[in-house]
Amino acid sequence: MKIVLQNLTKKFPSRTKKSKDEVVAVNDFTFEIPDGKLIGLLGPSGCGKSTTLNLISGLQKPTSGKVFFGEDDVTDLPAEHRGVGLVFQSYALYPHLTVKQNITFPLENLKGIHKMTKEEMAARALEAAKLVQIDTLMDRKPGELSGGQQQRVAIARALVKMPKVLLLDEPLSNLDARLRLQTREELRRIQRETKITTIFVTHDQEEAMSISDLIVVMKDGVIHQIGKPQEVYDDPINQFVATFLGTPPINIFHGYVEDGRLFIGNEAVLSVTNVPNQEVTVGIRPEGFILDENGPLTCKLNRVEVMGRDISVVSTHDLCDNAAIRSIIDAENNVDTNSETVHFALKPTKVHLFHKGTGERIRFEV
Ligand code: ADP
Ligand code: MG
């Protein structure tokens with residue numbers, strides 16, 4: 001089921017009576033979510049992710065704009081008739097019911113032609129439980145399960161009605177680091193197996209990047225960029241997107257362009273032929289540094305961290321906003337840790353220029 005959002009907007013009234021300022025939680029969203037894909041809605045806390053999800057599920061009504069499921073306008077359709085499965089950060093299971101009863105719960109109240117027998121419900125619940133690998137725990141109560149197992153029950157409960165759309169709001173946030181990793185791989189597998197169009201909300205860029213077919217990067221109720229994770233990472237539209245994606249984060253320097261050359265301080269670090277003279281913000285990805293004695297960029301060497309396959313050279317520079325510059329270098333390189341400075345050449349495709357005022361990307365040719 002493809003989903004289309006058309007000029008979707010949600011405003012909330014101000015909470016203080018004196019101020020007339022509204023909060024525009026979702027500002028004029030227009031985009032299409034392709035059928036059968038996993039979409040990551042990504043952005044910092046408060047950017048409107050949950051509100052977007054609630055507008056798609058029908059739990060909230062938009063101030064203006066429309067939501068389509070396939071060709072059908074569902075804007076005024078109540079949530080229970082939209083055929084969506086919902087999973088939230090808090091698992092919200094019924095503590096006094098068993099796993100099996102929790103999963104069958106959404107099937108109990110089906111009416112008319114959809115009404116199911118006990119046997120049909122049990123079969124459907126088992127199928128959903130197998131998908132999330134909790135079929136051996138059916139007689140336990142939620143209190144007898146780990147957090148990860150409880151979240152699987154919640155996912156099975158969302159899947160049991162065979163929804164057309166699965167909406168997940170920060171589903172992994174309550175899990176510990178290892179379980180979070182494992183569960184996100186599971187989600188990916190389940191989505192691939194069921195091919196249910198899935199929207200996954202998270203503030204964790206790594207989580208979104210690792211499992212999404214497409215990511216939607218948002219901030220303050222506005223969509224900044226939509227694309228395949230790698231494409232958005234490699235080709236960010238502005239400084240916010242470049243900074244939000246990537247661990248370790250991109251390194252932000254203050255520089256300027258003069259006569260087709262990019263300067264950081266008095267060092268000409270790259271040729272950028274088609275950019276007019278101006279001050280610029282320079283973003284350099286950690287993997288964009290090449291260790292080179294004769295390289296043009298000089299940083300103060302702090303320390304070297306060994307990470308196995310790679311090493312991370314930690315340095316500082318007066319014109320860099322990051323407290324520490326992290327450069328990821330192949331472990332075969334030797335760094336003279338007694339030296340006070342380290343010299344780098346730069347990979348042009350890993351260097352992004354941004355407009356000083358607006359943060360918009362300035363594209364350049366080498
Ligand atoms: P996210 O899920 O990305 O953290 P939300 O969608 O929950 O963000 O919220 C987006 C913005 O809308 C925030 O500024 C939030 O304070 C505001 N907001 C959300 N729900 C309400 C509400 N019911 N009433 C007023 N403001 C709200
Ligand atoms: Mg939220």
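Both counts, for ligands and for their atoms, begin at 1 and track the order of listing. We number each residue from 1, following the sequence as shown.
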Measure the distances from the heavy atoms of G43 to every atom of ligand 1 and state whether one is below 4.0 angstrom. no
Under 2.8 Å from the Mg ion (ligand 2), is there an N/O/S atom belonging to S50? yes
Which option, S45, G46, P44, P13, owns the non-hydrogen atom nearest atom 10 (C) of ligand 1?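 Residue with the shortest heavy-atom distance to the ligand atom: G46.
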Under-4.0 Å salt bridge between E305 and R326: yes
Under-4.0 Å salt bridge between R124 and E120: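 Not counted as a salt bridge, because no side-chain N and carboxylate O are separated by less than 4.0 Å.
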A quick test of your reading: do over 12 heavy atoms of other residues, nucleotides or ligands sit less than 6.0 Å from NZ of K37?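 Open: at most 12 neighbouring heavy atoms sit under 6.0 Å from NZ of K37.
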Quick one: does S50 get an N or O within less than 3.5 Å of an N or O on ligand 1? yes
Looking at A25, which atoms of ligand 1 are within less than 4.0 Å of one of its heavy atoms?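 It comes down to these atoms of ligand 1: 10 (C), 11 (C), 12 (O).
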Under the 6.0 Å and 45° cation-pi test, does R285 pair with Y233? yes
Y256 and F263 aromatic ring geometry - parallel, tilted or perpendicular at 30°/60° bounds: parallel
Do the rings of H96 and Y94 sit parallel, tilted or perpendicular, given the 30° and 60° boundaries?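 The arrangement is perpendicular - the two ring planes meet at more than 60°.
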Proximity to ligand 1 by part of V23, non-hydrogen separation under 4.0 Å: side chain
shortest atom 8 (O) of ligand 1-to-protein heavy-atom contact is with G48 N, 3.2 Å
Closest to atom 16 (O) of ligand 1 among protein heavy atoms sits R15 NH2, 3.4 Å
